[in-house]
Structure formats: structure tokens, C-alpha cells
Amino acid sequence: MAAIRRHDELLRLLIFQQPLSAVELREEFYIPKDRLQRSLRQLMSVNIVIRVDFESHTLYAINGSYNTLIQRTLKL
């Protein structure tokens, strides 16, 4: 739950618009690439966000097993 609260803006975006590439995420947040990558790594380490390789693209999405927990934690 701490990771969900810490990265709430990123998760809110992914709930409503997924999957997204790192470039698309950066365009939405206007944050440095290294900060975004760090956030994504942290969320992937606790299995909240998954990485999907599709053809030549790398996309990020929320692990569906955590949809309810994320929505309750963020009060969506």
C-alpha cells in the first residue's frame, strides 16, 4: 500500500489509460526519464505494474490482480 500511495499519480494515469510506453508516461508527467524509470522499477518490484514487450515497443500496465486494491487505496 505504501508503494501505491507513493506513486499515486502514475497509477491513476495507468488505471485510466493503459498500456502506456515510457515516452507517453513522460509526456503526461513532464518528469525526468531517470525518475520515471525508478518509479516504474519500484512498482514492478512489488508486482503492481507489469512490463509488456510488444513487437518493438515496451509498454507498462497495472497488474490486474491489484486493480481493486489500488482503487480502494486511492479512493477511486
- Does R12 have any side-chain hydrogen bond (donor to acceptor under 3.5 Å, both in side chains) partners at least two apart in sequence or in another chain, and if so, which? none

- Note on the structure: dist Q18:CD -> L59:CG (nearest 0.5 Å) comes out at 10.5 Å

- Message: Can you tell me how far apart CZ (R51) and CG (L43) are? Round to the nearest 0.5 Å.
- Response: 14.5 Å

- Message: To check you understand the geometry: which heavy-atom pair defines the closest contact between I62 and L11, and what is its length?
- Response: CD1-O, 3.7 Å

- Message: Rounded at 0.5 Å granularity, tell me how far OH in Y66 sits from OG1 in T73.
- Response: 12.0 Å

- Given L40 and Y60, is the side-chain contact (heavy atoms from CB on, under 4.5 Å) satisfied, shown in steps? CA-CA 8 Å; L40 289 170; Y60 298 93; 3.9 Å; yes

- Note on the structure: Sorted by chain and number, sequence neighbours left out, side-chain hydrogen bond (donor to acceptor under 3.5 Å, both in side chains) with S21 holds for E24

- Query: Between L13 and M44, is there a shared hydrophobic cluster once you connect ILVMFWY residues whose side-chain heavy atoms come closer than 4.5 Å?
  - Reply: yes

- Heavy-atom closest pair (V46 atom, A3 atom, distance to 0.1 Å) is CG2-CB, 4.1 Å

- Message: Nearest 0.5 Å, please: how far is CD1 in I48 from CG in L10?
- Response: 10.5 Å

- Are L14 and M1 connected, step by step, through hydrophobic side chains (Ile, Leu, Val, Met, Phe, Trp, Tyr) whose heavy atoms are closer than 4.5 Å? yes

- Query: Just by modelled atom types, is the N47 backbone N or O under 3.5 Å from a matching donor or acceptor in the N63 side chain?
  - Reply: yes

- Message: Test of understanding: clusters of I, L, V, M, F, W, Y form through side-chain heavy atoms closer than 4.5 Å, transitively. Do V23 and F16 belong to the same one?
- Response: no

Side chains of residues 26-39: which donor-acceptor pairs under 3.5 Å do they make with residues two or more places apart or in other chains?
from	atom 1	to	atom 2	distance (Å)
S39	OG	H7	ND1	3.4
S39	OG	R35	O	3.2

- Atom pair CG/CD of L69 and Q71 - distance to nearest 0.5 Å: 10.0 Å

- One should read off an interatomic distance between I15 CD1 and N67 CG, to the nearest 0.5 angstrom, of 6.5 Å

